[in-house]
Amino acid sequence: MNSKKQSYDRVAKVFDFLRGGDMRRWNPHQKSLFEKLQGNVLYVGTGTGLETVNFPPNLNITAIDLSFQMLERSKTRVEKYPGHMNRCQMDAETTGFRENSFDTVVTVCVLCTVKHPVPCLKELKRVLKPEGRLVMFEHVLSRNPFYALALKTMSNLTEMLEGTYLDRHTVNNAEKAGFEILSHKNVYLDIVKALVAKPV
Amino acid sequence: MIFKIADFFIGTFSGGAMAFCIHMIIPAEINMFLGMFLGGAVGMVMMLAMMLVLMPLFGAFEVMIPLHINGMLVGMASGMLTTLSSVTSNHLTILGALIGFSVSIYIYFSNKYLTQS
């Protein structure tokens, strides 16, 4: 966990630059997905808060991230959010919140970075109310062999550089953790996905 | 719209550039099989360098997927063809650009199908 934290602390300075292209591509898709956020929201893996501009206003959001440097850099965006948002440094695999605390849990490119995705999803299920929703904007391994080969090859490099895995089966992992997928939309090929799930 | 044009440009330009560089780097006297292997390796190294520059501007996956396929396909084809004395750098650059453009077309329609289904 510490090495992952350190690697994200290190990358925090250039994180906005690195994600610039992704955000320009993904903003409209995220805006449409995040319309489903409601009530008390847990925003997992806040990073530098790039996605806050796509959140609907007037939500009560708890934003968590493992990296202190990332949270520091999210300060301006969090302050500009037209609603209530507080930040905590916390590991998504062991959050420390009480059971059934949130109406919505939102993850953006988180389940590709946590070390153990299924236990992490189980933890998110624990803090989510039984009638709550898990909203995910994630990238996964493609079923197309050409794309999958590219992702698997690059995954070795991204894992080493910043601890991101490009070969995760997030849809299956969510089902393994006890979620039922309610909506499933491909954003780019079958790699970047917008998903909504509910606990079962 | 700008991103759609950029995707085709990235595919075509990277294919052409890889083919040209491979023709410059790999000696024509070597065995065709070795040329193919070296071409693939040079293509992958070039792919990584181009990715570092293009990903922050145009998006990680939208750059990574076409460049990776181009790195392998254009790299291996150019490496192999470089060993033929009749093939010039112009021929290879055009071939590389055509392969890159074809890869972009494949990805465009694949994306259209997957995101609309």
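Order of the sequence lines fixes the chain letters, A, B, ..., with proteins taken first and strands second; residue numbering starts at 1 for each chain.
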**Part of B:Gln116 within contact of chain A (heavy atom distance under 4.5 Å)** = neither
**Message:** Please classify the contact between A:Leu189 and chain B as side chain, backbone, both or neither, with a heavy-atom cut-off of under 4.5 Å.
**Reply:** both
**Message:** Please classify the contact between A:Leu166 and chain B as side chain, backbone, both or neither, with a heavy-atom cut-off of under 4.5 Å.
**Reply:** side chain
**Message:** Counting only non-hydrogen atoms closer than 4.5 Å, does A:Val14 touch chain B with its backbone (N, CA, C, O), its side chain (CB onward), both, or neither?
**Reply:** neither
**Request:** Give a yes or no on whether B:Ile69 and B:Val45 share a hydrophobic cluster (residues Ile, Leu, Val, Met, Phe, Trp, Tyr; joining criterion: side-chain heavy atoms under 4.5 Å apart).
**Result:** no
**Request:** Tell me whether B:Ile25 is reachable from B:Leu92 by hopping between hydrophobic residues (I, L, V, M, F, W, Y) whose side-chain heavy atoms are closer than 4.5 Å.
**Result:** yes
**Request:** Kindly give the heavy-atom pair with the smallest separation between A:Asn144 and B:Tyr106, and that separation in Å.
**Result:** ND2-OH, 3.1 Å
**Request:** Give a yes or no on this: more than 12 heavy atoms of other residues, nucleotides or ligands lie within 6.0 Å of atom CZ of B:Phe20.
**Result:** no
**Fill in**
Residues A:Leu149 and B:Met72: closest non-hydrogen pair is CD2-CE, 3.6 Å
**Prompt:** Should we say atom NZ of A:Lys13 is surrounded by more than 12 heavy atoms from elsewhere, each under 6.0 Å from it?
**Reply:** no
**Complete:** Taking every heavy atom of B:His68 against every heavy atom of A:Thr153, the minimum-distance pair comes out as NE2-CB, 3.4 Å
**Complete:** The interface call for B:Leu48 against chain A, heavy-atom contacts under 4.5 Å, is side chain
**Asked** For the hydrophobic clusters of this structure (ILVMFWY residues joined by side-chain heavy atoms under 4.5 Å, transitively), does one cluster hold both B:Ile30 and B:Met24?
**Response** no
**Asked** When rounded to the nearest 0.5 angstrom, what distance separates CZ in A:Phe146 from CD1 in B:Ile107?
**Response** 10.5 Å
**Prompt:** Is the CE atom of B:Met76 crowded by more than 12 outside heavy atoms at less than 6.0 Å?
**Reply:** no
**Message:** What I'd like to find out is whether the side chain of B:Thr115 reaches to under 4.5 Å of the side chain of A:Lys185, using heavy atoms alone.
**Reply:** no
**A:Arg25 charged N/C atom sitting above B:Phe3 aromatic ring, 6.0 Å / 45°** = yes
**Item:** Atom CD of A:Gln89: over 12 foreign heavy atoms under 6.0 Å
**Value:** yes
**Message:** How about CZ on B:Phe8, more than 12 heavy atoms from neighbouring residues, nucleotides or ligands closer than 6.0 Å, or not?
**Reply:** yes
**Item:** Between CE on residue B:Met64 and OH on residue A:Tyr147, distance to nearest 0.5 Å
**Value:** 14.0 Å
**Item:** Separation of A:Arg24 CZ from B:Glu62 CD (nearest 0.5 Å)
**Value:** 11.5 Å
**Message:** Rounded at 0.5 Å granularity, tell me how far CG in B:Leu114 sits from OH in A:Tyr188.
**Reply:** 10.0 Å
**Request:** Spell out, yes or no, whether A:Val192 and B:Leu54 are grouped together once hydrophobic residues are joined by side-chain heavy atoms under 4.5 Å, including indirect joins.
**Result:** yes
**Message:** Starting from B:Met44, can I reach A:Leu151 by hopping between I/L/V/M/F/W/Y residues whose side chains sit under 4.5 Å apart?
**Reply:** yes
**Item:** Nearest atoms (heavy-atom pairs only) where B:Ile65 meets A:Ala150
**Value:** CD1-CB, 4.1 Å
